[in-house]
Number of protein chains: 2
Amino acid sequence: MTVKQGATRTRDRKSLERRDQLAESALKTLGEFGYAHTSLRDIAANSEFSHGVVHYYFADKTELITYCVRYYKAQCATRYDAIVASATTAEELRLGFADKLCETLVEDSSMHRLWYDMRTQAMFDPALQPDVLMIDSTLEEMIWRVLSRYAALSGQSLTIDSPTAYAMLDGVFERALLHHLAADGECVEWLRSRALGLLPTLLGA
Amino acid sequence: MTVKQGATRTRDRKSLERRDQLAESALKTLGEFGYAHTSLRDIAANSEFSHGVVHYYFADKTELITYCVRYYKAQCATRYDAIVASATTAEELRLGFADKLCETLVEDSSMHRLWYDMRTQAMFDPALQPDVLMIDSTLEEMIWRVLSRYAALSGQSLTIDSPTAYAMLDGVFERALLHHLAADGECVEWLRSRALGLLPTLLGA
DNA sequence: CTGCGCACTTGACAAATGTCAAGACATACT
DNA sequence: AGTATGTCTTGACATTTGTCAAGTGCGCAG
C-alpha cells in the first residue's frame with residue numbers, strides 16, 4: 001500500500017520529521033537570502049539531501065513555503081512567556097521584556113527579516129494570507145500577554161487595544177531591525193529605550 | 001561624440017525622460033507582482049518598448065531598481081503637506097490627516113506594498129540600504145511635519161521623538177495595508193479610528 | 001535468498017530570466 | 001543625397017529554476 005496522499009507524503013511520523021527537517025533548512029536558507037533569491041536547490045543544498053527530495057515531500061514550492069510559515073510559528077510565539085511567568089514586579093517585567101527584545105533583534109535577525117519578508121509577500125500572494133494573518137494574530141496575543149501582565153503588576157489598566165499595541169511595537173521593532181541589518185550600532189540601545197518608554201505609555205494616560 | 005557613460009545613458013534630458021518613463025513602468029509592474037516575481041521583460045511589456053531597451057538605459061537590474069527607489073521618493077514625501085498648510089485648527093488637521101491616510105491606503109495600496117517590499121529587500125541586500133534609509137528618513141520627516149503642526153495648533157508640546165512616532169504610525173499603517181489587501185473591509189475604518197486616536201496620544205501624556 | 005516497496009538520487013526538460021551583440025530605423029548634419 | 005549618430009528592436013546566449021521521470025540502493029516480508 002502506498003502512503004502517498006495526493007502528490008506528497010503526509011501520513012506517518014517519519015515523513016513529518018523529514019518535512020520539518022526540510023522546513024528548517026528552508027527557513028535557514030530563506031533567512032539568509034530572502035524569498036526572492038532562494039531556490040529549491042539552495043534549500044536542498046543547505047540540507048543533507050539532494051535537490052529532488054523537496055518535490056518528494058512537497059507538491060510544489062508554494063506548499064513548501066506555506067509549510068515553512070506554519071512551522072515558523074511554533075518557534076516564535078512563546079518568546080516572552082518565561083519572563084511573563086517569572087516576573088514578580090512591573091519593573092522586572094519591563095526590563096526583562098526590553099532585554100529579550102534586544103537579544104532577539106541581534107540573535108535572530110535573519111529569522112525576523114524572513115518573517116517581514118513573508119508577511120510582505122502575503123500582500124501580493126493571497127495563498128500566503130491565511131497563514132500569515134494567523135501568525136500575526138499569534139504574535140499579537142504574545143505581546144498582549146506581556147502588556148496585560150505588565151498592567152496587572154502595575155495596578156493600572158490598559159487604555160489601548162491589542163491590535164494597535166502590537167502594530168506600534170512591531171513598527172518600532174521593524175525599524176530597529178532594518179537599522180541593525182544596515183550596521184547601525186546604536187539601534188539596539190535605541191530599541192531598548194523605546195521599549196522601556198513604551199510600556200508605561202501604553203497604560204493609562 | 002557618444003553620449004554613453006559607462007554602460008548607461010545619463011546625460012541629456014531625453015535620456016532622463018526615458019529613464020523616468022521606464023521607472024514608472026517598473027514601479028507599476030513591481031507594485032502589481034512584487035519584487036520577487038517581476039522580470040525585466042514584464043517591466044518592458046508594461047511600457048511601450050521592447051525588452052532590450054531596459055539594458056540600454058540601465059546597466060543592470062540593480063541599477064534599475066535603485067533608480068526606481070529614488071524615483072519613488074519624489075512621489076510620496078509630500079502627501080500631507082497640503083493639509084498641513086491649509087489646516088487652521090488641530091481638529092481640522094487631525095480629520096484631514098486621517099482621511100488622507102485612509103484614502104492612500106485604498107488608492108495607492110500597490111505602491112505602498114511595493115515600498116514595504118523594497119524596504120524588506122534592503123534587509124537582505126546592502127546595495128538597497130542607502131536609498132531605502134534615505135526614503136525612510138524622508139517619510140519620517142513628512143510625519144513629523146504633521147505632528148509638530150498638530151502640536152502647535154493644539155498649543156501642546158510633543159513628548160515623543162520623531163523616529164518613534166514614525167515607526168509606530170508606520171506599524172499601524174502596515175497592518176492596515178496587510179488586512180486591506182487580504183480583503184478585510186473593516187480595516188479602513190480601523191485605520192481611521194487609530195489615526196484619530198493616536199494623534200492626541202502622541203502629544204503630552 | 002528473493003522480490004517488493006519505500007526513500008532518495010540523478011539526470012533531464014521546458015520555461016523563465018539577465019545580459020548583450022547585431023542590425024533596423026529615424027533624425028540631423030554636411 | 002549621403003553619412004553619421006542616437007534610439008530602439010530582434011534574436012540569441014548562458015544560466016537558473018521548478019518540475020518530474022527514471023533509476024539506485026536498502027530494508028524487510030515471504
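Computation of the quantities below employed the complete heavy-atom set of this structure, encompassing side-chain atoms and omitting hydrogens, waters and symmetry-equivalent molecules.
Checking A:Tyr35 against B:Asp117 by side-chain atom types alone, no donor-acceptor pair falls below 3.5 Å.
B:His55 has no side-chain polar atom (N or O) that falls below the 4.0 Å cut-off from OP1 or OP2 of C:dT19. Applying the 4.0 Å criterion to OP1 and OP2 of D:dC8, one finds that B:Arg18 has a side-chain N or O inside that range. Contact check, B:Tyr56 against D:dC8: no side-chain N or O comes under 4.0 Å of OP1 or OP2.
In this structure, A:Leu40 places its CG atom 16 Å from C1' of C:dT9, rounding to the nearest Å. Distance B:Tyr57 OH to D:dT9 P: 9 Å, rounded to the nearest Å. Rounded to an integer number of Å, the gap from B:Leu22 CG to D:dC8 P is 9 Å. A straight line from CG of B:Asp60 to C1' of D:dT15 spans 16 Å, rounded to a whole angstrom. Residue A:Lys61 contributes atom NZ, which lies 19 Å from atom P of C:dA15 at whole-angstrom precision.
If you check every strand for non-hydrogen atoms under 4.0 Å, A:Ser50 touches a base.
Taking the six-membered ring wherever Trp is involved, the centroid distance between the rings of B:Phe124 and A:Phe33 does not fall below 6.0 Å.
Checking D:dC8, D:dT17, C:dT17 against every side-chain atom of B:Arg41, the shortest atom distance belongs to C:dT17. Of the candidate nucleotides C:dT9, C:dG11, C:dT19, C:dT9 has the atom lying nearest to any side-chain atom of A:Val53. Comparing atom distances between the B:His51 side chain and each of C:dT17, C:dT10, D:dT10 picks out D:dT10 as nearest.
The heavy-atom pair separating A:Pro163 from A:Glu140 by the smallest distance is N-OE2, 3.4 Å.
The backbone N or O of A:Gly197 lies less than 3.5 Å from a partner atom in the side chain of A:Thr201, making a donor-acceptor pair.
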